[in-house]
Amino acid sequence: MSVVTRFPPSPTGLMHIGTARTLLYNWLFARKHGGKVVFRIEDTDRERYDPAHVQALINGVKWIGLDYDGEIFSQYENRTRHAEVAQELLKAGKAYYCYCSPDELDAMRENAKAEGKPTFYDRRWRDSKETPPADVKPVIRIKAPIDGATTVPDHVQGDVTVNNEQLDDMIILRSDGTPVYMLAVVVDDHDMGVTHVIRGDDHLNNTFRQNLIYDAMGWKKPEYAHLPLILGPDGSKMSKRHGAASVEEYRDMGYLPEAMRNYLLRLGWSHGDDEIISDAQALEWFNLEHVVRSPARWDFDKLNHLNAHYIKLADDQRLLELIAPFLPAKNDARILAMMQELKSRAVTLIQLADEAAFLAKSVPLDFTPEAEKLLDADAKVAIKAATDKILALQDFTAPAIEQTCRDLAKDIAGGKLGKVMMPLRAALTGRDKSPSLFHAMEILGKEETIKRLKAVGPDASR
RNA sequence: GUCCCGUUCGUCUAGAGGCCUAGGACACCUCCCUUUCACGGAGGCGACACGGGUUCGAAUCCCGUACGGGACGCCA
């Protein structure tokens with residue numbers, strides 16, 4: 001049997017981070033077993049449907065670096081087939097028409113809750129001999145077993161058992177003839193040959209309802225794996241309140257897709273002591289057995305750590321392209337020349353861009369308050385002295401510049417290199433923190449270096 | 001309210017009865033490196049929710065309590 005997994009998001013907005021992880025697990029599981037992933041948009045709710053949301057989902061999949069097999073499937077377009085199944089169930093006596101109004105249902109709900117009953121629908125139309133009201137369009141409900149218990153085997157949760165009295169005669173076809181989600185998923189999963197349903201924990205209870213349909217149709221049920229949900233850093237539900245709940249936001253914050261993949265994979269799944277896991281290793285190692293059973297909190301620190309790691313590994317040219325949107329000015333040659341050092345320091349692409357920015361700027365630089373403070377009277381003397389020395393320097397390379405600066409420090413600062421370098425740092429970068437200045441000066445070139453030094457030296461007009 | 005699921009360092013987790021004086025990672029602290037900030041390197045702090053069983057022996061099995069999460073729509 002070849003494996004078929006599924007990616008069935010509902011288009012409600014941006015791609016949620018939990019959705020991304022679910023896709024990752026489905027993708028890994030399918031690919032590992034040489035199977036397929038089908039992408040199906042659960043768009044049966046027409047009131048909330050928005051093509052932009054579908055596009056957001058597609059963008060999300062693309063960004064995170066995963067793919068799917070075949071065309072994107074629209075659940076809505078298959079509604080006729082869903083309705084046929086409902087009719088089939090009706091004919092077989094496994095489903096029935098129910099003429100209750102929403103108001104009646106509300107009343108039943110209130111009532112059942114007050115009495116502490118597990119389900120609310122009283123099944124009044126299940127075997128009713130009453131003549132149906134002519135002016136009411138009925139829904140179709142499926143007949144659930146009245147007593148006994150049902151067990152669902154789950155690859156993550158183990159065997160889960162529920163008493164059948166917890167199961168309602170749920171609606172499978174709305175009064176307007178459109179299928180309800182519960183029906184649509186089952187029919188689609190069956191028709192598409194889905195073998196493994198790997199989805200969020202929030203669907204665990206639905207599994208029992210969905211199995212009702214499989215049983216009534218005599219279809220083979222898929223294997224299930226219910227993943228625990230991702231919680232926000234404070235243990236509550238992951239939402240915008242926590243900074244970011246969608247993959248798009250993480251992209252915009254400067255995270256690398258491979259870092260996200262590693263983080264998401266490891267959040268809720270483990271392979272011994274391994275933390276840094278490549279795509280190839282993930283493919284080789286992934287299994288459902290080591291999926292954790294309890295919900296995990298989102299941890300920005302760990303994500304940051306992974307992101308920093310993957311930035312160091314990333315190709316320089318690629319990084320240059322990725323930080324371009326965050327850069328106020330461009331100077332590809334300089335930034336590329338310094339990339340090795342820049343990327344060893346950055347946690348996010350935004351930080352990388354921020355650290356690289358000084359290379360592309362031109363005088364007059366803007367100075368941070370800390371840099372401003374560094375540029376006092378003593379500093380200007382040092383800058384002037386350095387300017388003179390550098391002007392005289394023939395071999396304008398990092399080692400030669402370093403030697404010059406060290407010599408100068410001996411002459412005017414009792415050997416304290418910092419006394420010379422910190423003023424230069426402020427003058428050259430506009431900051432009090434930066435990568436190595438010797439290398440930076442070489443990259444800026446003699447002309448630009450002198451220009452920046454003169455702009456803040458004692459003779460400057462500022 | 002009813003039902004389902006879960007509970008190991010602050011966080012993510014390893015652990016499937018003796019290998020556990022509970023391992024790793026992130027964060028935090030200290031030191032080293034150092035022109036700044038980082039990177040990197042070396043150390044350190046730090047957990048089996050609680051209470052009962054079962055067993056020669058329990059983080060691991062059973063029961064209960066507490067806490068957390070989820071589901072109870074003509075939403076998906």
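The sequence lines fix the lettering, A, B, ..., with proteins before strands; numbering per chain opens at 1. None of the values given here were measured: they were computed from a predicted structure.
- Listed by chain and number, the residues in a side-chain contact (heavy atoms from CB on, under 4.5 Å) with A:Ser434 are A:Arg425, A:Thr429, A:Leu437 (sequence neighbours excluded).
- Remark: A:Arg46 qualifies as a cation-pi partner of A:Tyr76 under the 6.0 Å distance and 45° angle criteria applied to the six-membered ring.
- OP1 and OP2 of B:rG73 both lie 4.0 Å or more from every side-chain N or O belonging to A:Arg209.
- Counting only residues at least two apart or on different chains, the salt bridge (Lys or Arg N to Asp or Glu O under 4.0 Å) pairs with a member in residues 98-112 of chain A are A:Glu104-A:Arg124, A:Asp106-A:Arg109.
- Heavy atoms of A:Met170 sit nowhere under 4.0 angstrom from any nucleic acid atom.
- Listed by residue number, the members of residues 421-435 of chain A with any heavy atom below 4.0 angstrom from RNA chain B are A:Met421, A:Met422, A:Arg425, A:Asp432, A:Lys433, A:Ser434, A:Pro435.
- Shown here for A:Ile230 and A:Gly18, the closest heavy-atom pair between the two residues is CD1-CA, 4.0 Å.
- At the heavy-atom level, A:Thr12 lies nowhere under 4.0 Å from the strands shown.
- Residue A:Val139 is in base contact, counting any heavy-atom pair closer than 4.0 Å across all strands shown.
- Note on ring orientation: taking the six-membered ring where Trp is involved, the planes of A:Tyr250 and A:Tyr255 are tilted (angle from 30° to 60°).
- Ring orientation note: the planes of A:Tyr99 and A:Tyr97 are tilted relative to one another, at an angle of 30° to 60°.
- No contact: A:Cys98 has no heavy atom under 4.0 Å from any strand.
- A:Asn206 comes within contact range of at least one nucleobase, with a heavy-atom separation under 4.0 Å.
- Anti is the classification of B:rC33, since its glycosidic angle lies more than 90° from 0.
- OP1 or OP2 of B:rG15 has at least one side-chain nitrogen or oxygen of A:His290 nearer than 4.0 Å.
- The phosphate of B:rU13 has neither OP1 nor OP2 within less than 4.0 Å of any side-chain N or O from A:Arg266.
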